[in-house]
Amino acid sequence: MEYNPQRHNRRSIRVRGFDYSSEGGYFVTICAYQKKCIFGKIGGEEMKLSMIGKIVKKYWLEIPRHFPNVELDEFIVMPNHIHGVILLWGDEGDRVGARHAVPLPERYGKPVSGSLPTIVRSFKSAVTKGVNEIRRTPGGTLWQRGFYEHIIRDEDDLNRIRQYVSENVLKWLFDKENPERIESDQRM
């Protein structure tokens, strides 16, 4: 099929002109394909990972081995999505924490080495390959297209996100990502 910009218009949800390879903190949410609960179940007040959820966790924790400029912070694997904080540092590993926005041309699909989209793409690809090998489902889809991100503005923002992530399991019953959630009006 020939490319038609009128028909094939994938809008980016990224901040226009922001350099996602710049130093700083990023809060990411990555959802399972069709938001299916394949990563595990909430039991009581803890997440019980499925085989797929264990693979997701394993590969998430390995990100810094493949991207030396990355430090991982708070994260959680939920039944149908993951939340995680990724901290990017300069090539020399300096922990200055300076973040800068550099106007960049919009280049959909052109990977930038060490950038947040490249890190997430690599993570999703590795998990998918690992899961498909175990399940013997070559070409199987595991993830929803893209991911959600929030550029962490300051220490207070980071602390709010850490709290949100650490309390995510406790709030699953009412979470909009939970297909079996309890609507807020039913709680009363």
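Values below: all heavy atoms of this structure, side chains included; hydrogens, waters and symmetry mates excluded.
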If two hydrophobic side chains count as joined below 4.5 Å and joins carry through other members, does V77 share a cluster with L170? no

Quick one: do V120 and Y33 end up in the same hydrophobic cluster if we chain Ile, Leu, Val, Met, Phe, Trp and Tyr together by side-chain heavy atoms under 4.5 Å apart? no

When you look at K176 and R181, which way does the side-chain contact (heavy atoms from CB on, under 4.5 Å) test go after all the steps? CA-CA 7 Å; K176 67 179 178 155; R181 76 175 174 196; 3.0 Å; yes

Any [X] side-chain heavy atom under 4.5 Å of [Y] side chain:
X    : Y    : value
I119 : I63  : yes
E177 : K35  : yes
F75  : V28  : no
I76  : K57  : no
S166 : E74  : yes
C31  : F147 : no

Closest heavy-atom pair and its distance - [X], [Y]:
X    : Y    : value
P179 : N80  : CD-ND2, 4.0 Å
L116 : L88  : N-CD1, 4.2 Å
I38  : S50  : O-OG, 2.7 Å
N178 : W172 : ND2-O, 2.8 Å
I152 : D157 : CA-OD2, 3.5 Å
I42  : M47  : CD1-SD, 3.7 Å

Could you state the interatomic distance from [atom1] ([X]) to [atom2] ([Y]), rounded to the nearest 0.5 Å?
X    : Y    : atom1 : atom2 : answer
E133 : I55  : CD    : CD1   : 9.5 Å
I134 : K54  : CD1   : NZ    : 11.0 Å
K41  : L49  : NZ    : CG    : 13.0 Å
N132 : R136 : CG    : CZ    : 12.5 Å
C37  : M78  : SG    : CE    : 9.0 Å
W60  : F123 : CH2   : CZ    : 6.0 Å

Using modelled atom types only, decide if a donor and an acceptor are shared between the side chain of [X] and the backbone of [Y] within a distance under 3.5 Å.
X    : Y    : result
D175 : K171 : no
W143 : A32  : no
T128 : L142 : no

Compute the ring centroids of H83 and Y164, then answer whether they are less than 6.0 Å apart. yes

Step through the shown structure and confirm whether more than 12 heavy atoms of other residues, nucleotides or ligands are within 6.0 Å of CD on Q163. no

More than 12 heavy atoms of other residues, nucleotides or ligands under 6.0 Å from NZ of K124: yes or no? yes

Please step through side-chain contact (heavy atoms from CB on, under 4.5 Å) for the pair V85 and L158, ending with a clear verdict. CA-CA 9 Å; V85 173; L158 176 59; 3.9 Å; yes

Y148 vs Q144, side-chain contact (heavy atoms from CB on, under 4.5 Å): CA-CA, chis, key distance, verdict: CA-CA 11 Å; Y148 302 97; Q144 177 176 295; 3.3 Å; yes

Pair H150, Y26 - check side-chain contact (heavy atoms from CB on, under 4.5 Å), show working. CA-CA 6 Å; H150 168 80; Y26 303 91; over 6 Å; no

Candidate list I86, V165, D73, test side chain to side chain contact (heavy atoms under 4.5 Å, CB included), partner F27, passing option: V165

Among V56, I82, I30, find the residue that satisfies the side chain to side chain contact (heavy atoms under 4.5 Å, CB included) test when tested with V127. V56

Have S115 and T118 got a donor and an acceptor in their side chains that come within less than 3.5 Å? yes

